[in-house]
Amino acid sequence: MQRPQDIPSVYSPEETEAKWYPAWESRGSFKPRPNGDRTAFTIVIPPPNVTGSLHMGHALNNTLQDVLVRWRRMKGDAALWVPGTDHGGIATQNVVEKLLKKEGKTRHDFSRDQFLERMWAWRKESGDTILHQLRRLGCSLDWTRTRFTMDEASSRAVAAAFAAFFERGLIYQGVRLVNWCPRCATALSDIEVEHEERSGFLWHIRYPFADGRGDVVVATTRPETMLGDTAVAVNSSDERYAGQAGRMIRLPLMDRPIPLVADDAVDSAFGTGAVKVTPAHDATDFEIGARHGLPHERVIGFDGKMTSRAGAFAGLSIKECREKVVAALEAQGFLVKVEPHRNAVSICYRCSTTIEPLESSQWFLKTSAMADAAARATEEGRVQIHPASWAKPYVAWLRNNRDWCVSRQIWWGHQIPVWYCLDCGDYSDEKIRRIREDPAFKNESVKSILREGARRPIVQSDPLSACPHCGGTNVVRDPDVLDTWFSSGLWPLTTLGWPDETEALRRHYPTSVLATGHEILYLWVARMVMMGLALRNDIPFRDVFIHGIVRDKQGRKMSKSLNNVIDPLDIMKKFGTDALRFALVSQASPGRDMQMADDNFVGARNFANKIWNASRFVMMNLNGHRPEAIPLADRSPVDRWVVQRFADTLSEVNAYLTQFDPAQAARALYGFFWNDFCDWYIELVKPLLTGAETDPAGIAARSARQTLSEVLDGVLRALHPIMPFITEELWHALWSTLGTSPTGLLMDGPFECPWSDPLSDDEDRRGLALVQEAVTALRTVRSDMNVPPGKRIAVLVNLTGASSATKQRLSRLASHIVHLAKIADWRVVESGECSRPPQSASAVVGDFEVFIPLEGLIDFAKERVRLEKWKADAASSLVRDEERLTNPEFRQRAPADKVAEIETRRTETKAQLARLDAFLRALAG
RNA sequence: GGGCGGUUAGCUCAGCGGUAGAGCAUUCGCCUUACACGCGAAGGGUCGGGGGUUCGAAUCCCUCACCGCCCACCA
């Protein structure tokens, strides 16, 4: 073991971090301890998508979880944190497709199996990177339980869940208008669609009546869809169109007759009150169409191009088509006017491409009953959301949620566990030919043929070779995959072994906490609660801990395209992992987003260094000394004071962590360690430990050493959940310095206060407050009068007007003041006359005064300024207090202790002012 | 169109009913035998505007302004 004095004065994290992670893991400390009477504390990781590597948001999310898990583990719980990654559906497939694009290829240059091979290769690479990063972050995950949303067990669970929902009639297949991303070439669920305000135009188009008598003007933001119009609708109560419903209109450009219908979905106040109706390409119009039995004209295809139904415009992109339609309308005199218009455009949450509502054959999950159960779980307090302000929007979302489109037209994911038999289904030879000719189902409509022909879809997860109904071997599996959030929604179940009734499931489900950012509250959290309740009749977790999003210095979300991402690994290398963790935790105020920049990490790095050096100091002074039991009663007031302060801090930390406010916990620890422990306590005990007059065997020194080691031990424990590496390192160094190398690990706990009752009385706190006030006052005088830092000063203390409590405290604690304020000559006058020495500065401390003779150093002008300012502050404080105390209502209504407090303060301030006045008079005279 | 959150020292943010706080930055001193990634001292805010409740409001209520999110089928 290195001697403490040989430990370098700058903490270098690399070695420490490399050493302790394997030590923790190899000793099995990441695994939950056997049950016994331990409470299970369980967190299942929000599995990062295998789209690359972890960013700052992941670092925050996982650090917060690690803080909670380490804390509960140290407190004695059987703590389990389950690691894993998510296949990430569209997001991950997009990443790999981008890589293929660089090779000049698309996925259709490969067979489905070949493409999936590429996907698996990528997922290995990305998954490994992510799990490595979690280790670097110090996450105390039980690696023996590492899971992936597409591993065998998960796939089994997904198929089981699908089958269970199917049997209960909750899953159905149908042709609906869905959100289609032409770029990703897949349908999306409603929450996967984002909205963006864009400035566009509102085109007013004249639609003439077929009989040549008059016309109606419709307003639209999407003129190209008029090619697929099958009606015009007006509100039935709109007098402008009274009696017109039922008349036929001749659709411009297409020269088709379409009816004018009355429908109350139309808002008379908007535009002209007449709406063109395109049931195949607009959600509202789809419903209007259904109510009026209108035909659907599909003019936009799944590829984002105009279909053959678009006549002369077939084959054009939507954008080109819009331009040409508008030009044609104008040329033919149908365009009435164009006005600027801001509207919300739907865009894909994965690639920001404009979403097209398209009719398509998809699988849906009926969610109304499930969502209702989930909403009740939160309303009844079984699933609590922290901070609670998120509960309202969360429940509201659940309450008006529509069926969930769970099928996706990509290849990467859980293929729908449904098979179709071409032998006993309703398939003509022509249909079978079309199905066989397009094994990849590139043509979406072929899938409809497949699905619609099935008399009995066969739901089962294992590959099917023969139809269970007719024994036919012409079976085809549904080509779609499930929404990635379907398997994510099952995550708390699948990670613990569901659908099998495992020991882990019994012990750890429901889990304790789910920690996540608010951006996936609906997308993920809501789904887990719904599915947990539906499939296991129990909530998946009791507390949802929502943290903010990490933003850049300008408050922007971090993204690769903005080039403002901070890589956690870079920060770890530059500042150390503990500094990264501390910076993240201390800024993660509940529910608030945070702006991250280098400054934050510098401060945290400095804190780590402070811990390092304070520990060095303690160890240097402990070297060769064994721990001994010294009752707190036998220790000095400063020892008892720091012990009290630490005990207070620790209970604050426990309270804050219980309330899911780790930022406050971090700040409390920072304040205690730096201000109380380092700036005051260590400085206070230094003279007891070093120097010629010190008695190393005396009770004062022994007591101080014992207190130093106990408080350091305690504060390292308290800091460990946030800064695991440096604390583990120093804790071992501390104990080996004490000659009793521990066999255990700091991370194993306990997390508790070493003293059962440190809060005996308030006297030590008052005494230390007096010392601090006196020292600060004297230091201020020194600084203001430019007394050379090394120069010792004389102080005359006038206690003639002081209380007996003050006199006693001062006699007990004066040595501390003498030392910290560098005083050579400390004289006290307790009674009788005390005359102010000439050439001296003066200060008021509590209920007494001090004079500092400064011959040759005193600057009376400066002294006057200083005293005047002091006086002004005191005077304004007195005015405020007087105002209150002379107000009868204050005396009558304010609590008695508050009145008493202010009265006391008034008395003190008055005495202080009198002293300051006397000082100023002396200065003048 | 609804809902939520923010507006506090130059910057980033705490505080959320009893005389305004931290870190960074700034100014002045200091290599004081743990730490210059440090120590000591100082300056700096009518807590977005306006009303109200209260003995007392940065803190509670109303309202306005600006900023940011989320939700919503006004073409």
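A note on names: the letters A, B, ... follow the listed sequences, proteins ahead of strands, and every chain is numbered from 1.
The partner of B:rC24, taking Watson-Crick or G-U wobble pairs whose two distances both stay under 3.5 Å, is B:rG10. Base pairing annotation: B:rG1 forms a Watson-Crick or G-U wobble pair with B:rC71, both donor-acceptor distances under 3.5 Å. When both distances must be under 3.5 Å, the Watson-Crick or G-U wobble mate of B:rU32 does not exist.
Contact annotation for A:S589: backbone-only contact, meaning every heavy-atom pair under 4.0 Å involves sugar-phosphate atoms and none involves a base. Among the protein residues, A:Y522 comes within range of the sugar-phosphate backbone only, with heavy atoms under 4.0 Å from sugar or phosphate atoms but none that close to a base. In this structure, A:V266 reaches the bases: a heavy-atom distance under 4.0 Å links it to at least one base atom across the strands shown. Heavy atoms of A:K791 sit nowhere under 4.0 angstrom from any nucleic acid atom. When heavy atoms are screened at a 4.0 angstrom cut-off, A:T278 is found touching no nucleic acid atom at all. At a threshold of 4.0 angstrom between heavy atoms, the contacts of A:R605 include nucleobase atoms, whether or not backbone atoms are also involved. A:N887 comes within 4.0 angstrom of sugar-phosphate atoms only, judged by non-hydrogen atoms across all strands, and of no base.
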Look for any protein N or O under 3.5 Å of an N or O in nucleotides 17-19 of chain B and output each such pair with its distance, or none.
{"unit_1": "B:rU19", "atom_1": "O2'", "unit_2": "A:R880", "atom_2": "NH2", "d": "3.0"}
{"unit_1": "B:rU19", "atom_1": "O2", "unit_2": "A:R880", "atom_2": "NE", "d": "3.2"}
{"unit_1": "B:rU19", "atom_1": "O2", "unit_2": "A:R880", "atom_2": "NH2", "d": "2.5"}
{"unit_1": "B:rU19", "atom_1": "N3", "unit_2": "A:S877", "atom_2": "OG", "d": "3.0"}
{"unit_1": "B:rU19", "atom_1": "O4", "unit_2": "A:R905", "atom_2": "NE", "d": "3.3"}

Pairwise N/O distances under 3.5 Å, protein to nucleotides 23-34 of chain B:
{"unit_1": "B:rA34", "atom_1": "OP1", "unit_2": "A:K686", "atom_2": "NZ", "d": "3.4"}
{"unit_1": "B:rA34", "atom_1": "O2'", "unit_2": "A:N613", "atom_2": "OD1", "d": "2.8"}
{"unit_1": "B:rA34", "atom_1": "O2'", "unit_2": "A:R616", "atom_2": "NH1", "d": "2.6"}
{"unit_1": "B:rA34", "atom_1": "N7", "unit_2": "A:K686", "atom_2": "NZ", "d": "3.2"}
{"unit_1": "B:rA34", "atom_1": "N6", "unit_2": "A:E683", "atom_2": "OE2", "d": "3.2"}
{"unit_1": "B:rA34", "atom_1": "N3", "unit_2": "A:N613", "atom_2": "O", "d": "3.1"}
{"unit_1": "B:rA34", "atom_1": "N3", "unit_2": "A:A614", "atom_2": "N", "d": "3.2"}

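A salt bridge between A:E863 and A:R866 is present, with a side-chain N of the basic residue lying under 4.0 Å from a carboxylate O of the acidic one. Residues A:E903 and A:R891 are paired through a salt bridge, judged by an N-O separation under 4.0 Å between the basic side chain and the carboxylate. Between A:K898 and A:E901 a salt bridge is recorded (basic side-chain N to carboxylate O distance below 4.0 Å). Salt-bridge check for A:E868 with A:R864: failed, with every basic side-chain N at 4.0 Å or more from each acidic carboxylate O.
A:E652 places none of its side-chain heavy atoms less than 4.5 Å from the side chain of A:F672. At least one side-chain heavy atom of A:Y681 sits under 4.5 Å from a side-chain heavy atom of A:T707.
For the pair A:R891 and A:D593, nearest-nucleotide mapping onto RNA chain B gives the more 5' position to A:D593. Each of A:V275 and A:E889 has a nearest nucleotide on RNA chain B; the 5'-most of these lies closest to A:E889.
Ring pair A:H547/A:F660: centre-to-centre distance not below 6.0 Å.
B:rC28 and B:rC66 have their C1' atoms separated by 39 Å, given to the nearest Å. Comparing B:rG17 with B:rC55, their C1' atoms sit 12 Å apart, to the nearest whole Å. To the nearest whole angstrom, the two C1' atoms, one in B:rC13 and one in B:rG5, are 15 Å apart. B:rA14 and B:rC31: their C1' atoms are spaced 34 Å apart (whole Å).
In this structure, A:R866 does not reach the B:rA42 phosphate: none of its side-chain N or O atoms is under 4.0 Å from OP1 or OP2. OP1 or OP2 of B:rC13 sits under 4.0 Å from a side-chain N or O of A:Q595.
Applying side chain to side chain contact (heavy atoms under 4.5 Å, CB included) to A:V299 and the options A:D229, A:I318, A:L227 leaves one that passes, A:L227.
Between A:H518 and A:W390, the angle of the ring planes stays under 30°, which puts this pair in the parallel group of the 30/60° scheme.
Side-chain contact annotation: A:E339 with A:H204, donor-acceptor N/O pair under 3.5 Å present.
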